[in-house]
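The chains referred to below are lettered A, B, ... by the order of the sequence lines, with proteins before strands, and numbering in each begins at 1. Please read all numbers here as calculations on a predicted model, not as lab measurements.
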Protein chains: 2
Amino acid sequence: MKERYLRSLRLLSECYHGFEHMSAPDIRKTGLTKAQFDIIATLGNTPGMTFKGLGQKTLITKGTLTGVVDRLETKQLVRRVTSLEDRRNVIVQLTATGERTFERVFDSHIQFCKQPFSGYAEADFVALEETLGILKNRLEAMAAIKTEKKGK
Amino acid sequence: MKERYLRSLRLLSECYHGFEHMSAPDIRKTGLTKAQFDIIATLGNTPGMTFKGLGQKTLITKGTLTGVVDRLETKQLVRRVTSLEDRRNVIVQLTATGERTFERVFDSHIQFCKQPFSGYAEADFVALEETLGILKNRLEAMAAIKTEKKGK
DNA sequence: TATTGTTATACTCTATAACTATA
DNA sequence: TATAGTTATAGAGTATAACAATA
């Protein structure tokens with residue numbers, strides 16, 4: 001067996017895309033793009049985040065992020081606040097409308113995503129969390145090595 | 001515990017994005033976009049696929065697909081062949097150059113993705129495949145129900 | 001009539017790099 | 001000098017709907 005991990009990788013991809021595929025129309029119906037939805041979902045239940053933080057969480061690069069946040073600001077779902085401590089930092093926050101949108105949209109979204117888990121027993125969740133948790137730790141370790149190499 | 005599945009969902013997303021994040025620069029270096037890479041990877045080791053088939057595999061809608069395939073055709077990585085049986089079907093195939101690109105690019109990509117699995121024992125693979133396999137089956141069952149509802 | 005793929009439109013995201021302002 | 005975010009640009013992906021050719 002040459003590449004023992006390929007099947008795992010394919011399954012991971014298939015599961016992720018399965019959720020994506022199921023929930024994409026659901027997200028579109030809200031009038032938000034995928035990128036916009038990600039920002040709203042990331043900001044939900046937080047006091048706000050800087051552009052840098054948002055970029056790290058969502059993997060959207062800063063130039064793109066400016067445009068995405070612009071459009072969300074036009075829709076009055078988020079606002080920009082300049083940090084008082086370091087005036088280079090811009091904090092993006094949900095507005096009251098944004099909060100409501102978050103609750104409505106994200107809630108319906110997760111209700112939707114729960115469907116495949118109906119019938120899961122506690123042990124099934126534990127097993128899934130354990131295997132994915134291990135993989136996540138390995139991925140984070142790899143990412144740390146990469147950052148270390150790059151940063152001086 | 002209200003939403004027992006949320007943690008699983010988050011882990012799945014984090015793992016998938018972890019791989020995406022690691023391999024994105026690797027893919028970009030090849031001069032292919034993510035969508036183009038997906039098409040090449042999907043066509044590799046096949047005799048070709050119709051637009052419809054490609055769309056279902058990659059989740060790219062037909063209108064978009066025309067553009068993506070156009071660009072790959074310009075790069076001489078794929079060709080269009082009209083099916084003889086049903087002339088409405090257009091089959092997209094890798095060219096000889098496309099085949100070589102597939103082998104080179106996809107190979108380096110999977111070498112890259114194997115890193116987090118270093119140190120995995122056989123039992124770890126089995127466990128991961130099993131938990132993801134179960135989830136995949138559930139997702140496919142959901143999708144089948146959805147299709148059933150829609151199709152007449 | 002239904003299906004496959006193309007075309008057209010308008011918008012959004014993307015990578016990249018130069019730029020501004022703060023530190 | 002370094003960092004955070006903006007601006008500018010060109011290209012690519014996206015949803016949507018109308019369209020042509022074939023079945």
Heavy-atom nearest nucleotide on DNA chain C for A:G63 versus A:Q36: which residue maps closer to 5'?
A:Q36
Over all heavy atoms of both residues, which pair between B:M22 and B:P116 is shortest? Give the atoms and the distance, please.
CE-CG, 4.0 Å
Apart from B:Y16 itself, what residues make up its hydrophobic cluster when side-chain heavy atoms of I, L, V, M, F, W and Y under 4.5 Å apart count as a link, directly or indirectly?
A:Y16
Please name the residue in the list A:T97, A:L77, A:N45 that meets the side chain to side chain contact (heavy atoms under 4.5 Å, CB included) test with A:F102.
A:N45
When you check the phosphate oxygens OP1 and OP2 of C:dG5, does a side-chain N or O of B:N89 lie under 4.0 Å from one of them?
yes
Would you mind classifying the nucleic acid contact of A:T33 as base, sugar-phosphate or nothing, using non-hydrogen atoms under 4.0 angstrom?
sugar-phosphate
Distance (rounded to the nearest 0.5 Å) between A:Q56 CD and A:K62 NZ
12.0 Å
Checking all strands, does A:T64 fall into the base, sugar-phosphate, or nothing category for heavy-atom contacts under 4.0 angstrom?
base
In whole Å, I'd like the distance from the CZ atom of A:R28 to the P atom of D:dA17.
11 Å
Rounded to whole Å, how long is the line connecting atom CD of B:Q56 with atom P of C:dT3?
13 Å
The residue, A:L65 or A:A24, whose nearest nucleotide of DNA chain D is more 5′ is A:L65
Specify the residue among A:K52 and B:L59 whose closest nucleotide of DNA chain D lies further upstream toward the 5′ end.
A:K52
note: A:L54, atom CG; D:dT6, atom P; distance rounded to Å ~ 11 Å
For atom CD1 of A:I60 and atom P of D:dA12, their distance in whole Å:
21 Å
Would you say the side chain of A:R88 and the base of D:dT3 hold a donor-acceptor pair, judged only by whether the two atoms sit under 3.5 Å apart?
yes
Partner residues of B:A35 under the side chain to side chain contact (heavy atoms under 4.5 Å, CB included) criterion, sequence neighbours left out
B:T33, B:I60, B:V68
Is B:R80 close enough to C:dT6 that one of its side-chain N or O atoms is under 4.0 Å from OP1 or OP2 there?
yes
Just the rounded figure in Å: distance from C1' of D:dG5 to CG of A:D86.
11 Å
Nearest whole Å is fine: how far is C:dT6 C1' from B:E73 CD?
13 Å
Starting at CZ of B:F37 and ending at P of C:dA15, how long is that distance when rounded to a whole Å?
15 Å
Per A:F51 side chain, nearest of listed nucleotides D:dA12, D:dT6, C:dA23
D:dT6
Sugar-phosphate only, base, or nothing, as touched by A:G67 at under 4.0 Å among non-hydrogen atoms
nothing
Categorize A:K62 for me: base, sugar-phosphate, or nothing, with a 4.0 angstrom heavy-atom threshold over every strand shown.
base
Please check if any side-chain donor atom of B:T42 sits under 3.5 Å from a side-chain acceptor atom of B:T58, or the reverse.
no
For the pair made of CG in B:L84 and P in D:dT22, what is the distance, rounded to whole Å?
13 Å
A:R87 side-chain N/O to D:dG5 phosphate OP1/OP2 under 4.0 Å:
no
Please confirm whether the shortest side-chain N or O distance from B:T61 to OP1 or OP2 of D:dA15 is below 4.0 Å.
yes
